[in-house]
Amino acid sequence: MKSDSSRYGLVLFFVYLLFYGGFVAINAIAPESMERTLMSGLNTAVVYGFALIFGAVLLSAVYGLLCGDVGRGGDAGGGEQ
Amino acid sequence: MIYESSWLAVGIFCAFVGFTLGLSFWLGRKAKSSEGYFAAHGQIPWFVNGVAFAGDYLSAASFLGICGMIAFYGYDGFLYSIGYLAGWIVALFVVAEPMKKLGRFTFADALDSRFNSTGIKLAAGISTLVVSVFYLIPQMVGAGALVTPLLGFEHWQGVVMVGAVVIMIVVTAGMVSTTWVQFLKGAMLVVFSALLTWMILQRGLRVSEGGADGYRFASLQATHADFTDGDSSLGTLQAIEILAADDGWEKSKEQFVRLRERTTGRVSVWLAKRAGEAADADWLLTEAQTLTKTADGKTLVNGLPKGRKKGEPELHPVGYITELPDGVQETGPLSFSGFFRTLQNSRVVLWRNEKLVHADGGQTTVYYQQATAGGQVLRPGEHPTFRGIRSSKPADRINFISLMLALFCGTASLPHILIRYYTVKDASSARKSTIVGIASIGFFYVLTFYLGLGAMTSGQLDVSDENMSAPLLARGMNTWLFAAISAIAFTTVLGTVSGLILAAAGAVAHDLLGSVLKTPLSDTEKVRIAKLSSVVIGAVAIALGILFQKMNPTFLVGWAFSVAASANLPSLVMILFWPRVTKQGIVAGILTGMVSSMAWILLSGEAYSRVYGLDAAAAIVPFSQPGILTIPLGFVTLVVVSLLTPKPTNSPQ
């Protein structure tokens, strides 16, 4: 499991883990800060929640680009079963 | 509520299901070998497979359960959306590529790729079976909830119907047709949810005093003396008599008051709250609704026998805003963020309930109003499952963390999701289809928040059935849309259930029998046994779906995720990243994770109150969600047993 794609995958995994862990921690430790208005009249809960969803989509797209899946059929780390 | 079926809805519904089944038969003609039956020959295009991921994953729980939870409790349902999507990050970044490289048909293949061990095949096969059946329960419950309003069927009839259709799909065709059903369903679910969201935003928010049937709930002001002067009259209102709180009413947690009109004898139930802080403040009485199951089996709505047709007694639909910012009555079309800004500064009426037991064994559920600030709806912590984050007890907060951990780790451990990696041709296609899956699923989860809050303010909600919120929201918009959404939701169940049954049947035919029998099964025999197992598993699912009728599917799925994550994730991750792992370690890890998480769930407060009907406080374990303990326990067991057993000779370097 030492291909480039699995290395990128692990790095991005830990980036998202921190982001998600932050959300869970704020909810568990200081739930009242979720009610605070963060930007343009929206509270932290709504902004952070949407950011987690868009963040997941964005990171997965970045991963696809890093692995060279765009515009190519196969990749170096893959192969038929 | 009374659900009348419309011919239009039934027509659209039948056309939809007929088309899906026809397609399934047509595609299934060719899939005769086990390669075709279990893995669609690895020939599914990656984009189709990606949308099919969405179709597989976005189950009745996502669609009905999350929308219902948001409609009744606000932000809390969205926490599930966030957790379910986050789980895909684990699936993509950690599991996707190695799964594709190591396995062939089932999740057990990947685990066993280095060892060829009977024990691993058995343990992984059993865990696949257990997780799939656990996950099937909420899907079948959702199916029953859907068919009730659409076709006017009873819950059990809906469950049996779904079961029969799904068994047919799986038996005739296997993975090829299942994939295309899931593709169609996933695509349509996302498109129609987007349409519904657009309609919600166009409609905007408006002030109302009641639900869509035009009934206005009353409120009464009563002085302090009215309840304490020993007289049964309500102040100067001689026409109304206050009934004494007895026969179970004296035990209610909330203060309910029953009033009887002296002339008609009609009894109404009210929630009494102090209008101010002072101990002798006046009382404010708000009208409640009741649903009574009498000891002799009759159903009463607000004290009258429940009707069968429109216009006869039924529970009034609810879900309305009582106050908008700046005193406006109607907002007109709203933007994506304007919708939240407006709701944040509004007041909505949510409905809560309490169940009372009478001396003769009859039961009354009282549904009462709870005026709620909009800001409270847009923050976590209203639903009983999540209320713990505001509690002073650490155990309640750990429960929350534990659930969020299980959602994060569960997705990548679900057998019916994992087998979808075998339907594409290589690792790159596996990654690409996961990315398409994440994008479609993420988009859908964004929409669930609008759908749920749209239902909350639609005036259409059924106080007695949270799961119906999304279809009822659509019905309030127009009948066509209702029929389309219901048919899609129904195919949603079909898609997910077929995937689950296929995963479970694969485990039986490929893993369990394959490991027990000395001589390997021929291809045709394997497929025949898988089809036979599908019928049995389908029948079990039907029975459980009827048994667990009253549970919110989202909640049950949360349990399935905990078991999947505890049983499967440790061995999946360790076999990928730790060369020292042994077959005994894997077997011990799977079994420990599975048994401990299930035992914890069955001994938890939530199981006590919701499944056995006992007092939650009597539960043996301190919090309900096992993940935070049982996932690490699975890892530790796997590592310790691996270290205690001889190093595998063929470990990769």
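Excluded from the calculations below are hydrogen atoms, water molecules and symmetry mates; all remaining heavy atoms, backbone and side chain alike, are included. Numbers restart at 1 for each chain; the letters A, B, ... are given by sequence-line order, proteins then strands.
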Step by step, would you call B:F93 with A:V11 a side chain to side chain contact (heavy atoms under 4.5 Å, CB included)? CA-CA 9 Å; B:F93 293 160; A:V11 171; over 6 Å; no

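- Neither the backbone nor the side chain of B:F386 comes within contact range of chain A; no heavy atoms are under 4.5 Å apart.
- Neither the backbone nor the side chain of A:T44 has a heavy atom closer than 4.5 Å to any heavy atom of chain B.
- At a threshold of 4.5 Å between non-hydrogen side-chain atoms, the residues B:R431 and A:C67 count as touching.
- When heavy atoms are compared at a cutoff of 4.5 Å, A:L59 approaches chain B by way of both its backbone and its side chain.
- Contact annotation for B:Y445: both backbone and side-chain heavy atoms come within less than 4.5 Å of a heavy atom of chain A.
- Going from atom CG of A:N43 over to atom CZ of B:F340 covers 9.5 Å, rounded to the nearest 0.5 Å.
- In this structure, A:F50 has its ring center closer than 6.0 angstrom to the ring center of B:F78.
- Taking both residues in full, the closest heavy atoms of A:V24 and B:F400 are given as O-CE2, 3.6 Å, listed atom of the first, atom of the second, then distance.
- Nearest approach of A:N27 to B:L79, heavy atoms of both residues: ND2-CD2, 4.5 Å.
- Of all heavy-atom pairs spanning A:A56 and B:L85, the tightest one is CB-CD2, 3.8 Å.
- Both the backbone and the side chain of A:F13 come within less than 4.5 Å of a heavy atom in chain B.
- Classification of the B:Y75-A:F23 ring pair by plane angle, with boundaries at 30° and 60°, yields tilted.
- Taking CD1 of B:I89 as the reference point, atom CZ of A:F14 lies at 13.5 Å (rounded to 0.5 Å).
- Here the straight-line distance linking atom CG of B:L378 with atom CE of A:M34 works out to 13.0 Å at 0.5 Å rounding.
- The closest donor-acceptor contact from the side chain of B:R341 to the backbone of A:S40 lies under 3.5 Å.
- For the set B:I401, B:I82, B:V90, the count of heavy-atom pairs under 4.5 angstrom toward chain A peaks at B:I82.
- Looking only at heavy-atom pairs under 4.5 Å with chain A, the residue among B:G375, B:P380, B:A439 that has the most is B:P380.
- Between A:Y20 and B:M404, the closest heavy-atom pair is OH-O, 2.8 Å.
- Contacts between B:V94 and chain A at a heavy-atom distance below 4.5 Å involve the side chain alone, from C-beta outward.
- In plain terms, the two heavy atoms of B:I435 and A:S60 that are nearest each other are CD1-O, 3.4 Å.
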Take A:I53 and B:F443 through the side chain to side chain contact (heavy atoms under 4.5 Å, CB included) test and state the conclusion after the steps. CA-CA 8 Å; A:I53 290 184; B:F443 180 58; over 6 Å; no

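- Options A:L17, A:L12, A:L52 differ in how many heavy-atom pairs under 4.5 Å they form with chain B, and the most are formed by A:L12.
- The salt bridge (Lys or Arg N to Asp or Glu O under 4.0 Å) pairs that include a residue from residues 388-397 of chain B are A:E35-B:R390, where partners are two or more places apart or lie in different chains.
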